[in-house]
Amino acid sequence: CLSGQSPRFLLNANIYVSNIIKNNGEEKFRKINKENKAFQSRILEAFGGVENLQAIGYEDQGNFLVMNKFDLKELGDISKILQRYIAWYV
């Protein structure tokens with residue numbers, strides 16, 4: 001459930017999803033390095049952060065979260081939902 005998420009998490013989750021939509025042919029946009037300091041402070045510290053990313057399609061693969069399978073329409077819908085939650089904080 002996204003309703004309890006911080007604006008920082010929501011913004012970053014939307015960036016991840018939007019990058020896949022814009023650059024869906026590039027693998028680097030479908031991988032998140034879990035050792036990245038920005039990821040650790042923005043996602044790992046958020047309650048349920050990793051679980052929420054997994055709920056939208058990311059898979060845990062060791063040091064990375066990877067979105068191997070995705071539907072661009074569904075990702076567009078997810079991005080719209082994230083944007084609505086973000087708008088509540090603005």
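In this chain, numbering begins with 1 at the start of the sequence shown. All figures in this text were calculated on a predicted structure; none of them were measured in a lab.
If you take CD1 on Ile32 and CG on Asn63, they are separated by 13.5 Å, rounding to the nearest 0.5 Å. Between the CG atom of Leu10 and the CD1 atom of Ile81 there is a distance of 11.5 Å, given to the nearest 0.5 Å. Atom-to-atom distance recorded for Ser79:OG and Ile86:CD1 is 7.5 Å, nearest 0.5 angstrom. A distance of 6.5 Å separates CZ in Phe70 from CD1 in Ile20, rounded to the nearest 0.5 Å. Taking CD of Gln54 as the start and CE of Met67 as the end, the distance is 10.5 Å to the nearest 0.5 Å.
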Full working for side chain to side chain contact (heavy atoms under 4.5 Å, CB included) between Phe29 and Ile21: CA-CA 9 Å; Phe29 291 103; Ile21 293 168; over 6 Å; no

Starting from the C-alpha separation in whole Å, work towards a yes-or-no answer on side chain to side chain contact (heavy atoms under 4.5 Å, CB included) for Ile43 and Leu65. CA-CA 11 Å; Ile43 304 298; Leu65 290 177; 5.6 Å; no

Derivation of the side chain to side chain contact (heavy atoms under 4.5 Å, CB included) call for Phe39 and Leu53: CA-CA 12 Å; Phe39 174 82; Leu53 289 179; 4.1 Å; yes

Does the pair Leu75 and Ile78 meet the rule for a side chain to side chain contact (heavy atoms under 4.5 Å, CB included), with working shown? CA-CA 5 Å; Leu75 287 180; Ile78 290 167; 4.3 Å; yes

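Residues in residues 28-50 take part in these salt bridge (charged side-chain N to carboxylate O under 4.0 Å, His left out) pairs, two or more places apart or across chains: Lys34-Asp60.
When the shell of 6.0 Å around CD of Glu59 is examined, it contains more than 12 heavy atoms from other residues, nucleotides or ligands.
Linking Ile, Leu, Val, Met, Phe, Trp and Tyr residues whenever their side-chain heavy atoms come within less than 4.5 Å leaves Ile15 and Tyr89 in two separate clusters.
Note on ring orientation: taking the six-membered ring where Trp is involved, the planes of Tyr58 and Tyr16 are perpendicular (angle over 60°, cut-offs 30° and 60°).
Qualifying salt bridge (charged side-chain N to carboxylate O under 4.0 Å, His left out) partners for Lys69, counting only residues two or more places apart in sequence or in other chains: none.
Side-chain contacts under 4.5 Å among hydrophobic residues (ILVMFWY), followed directly or transitively, place Phe64 together with Val66.
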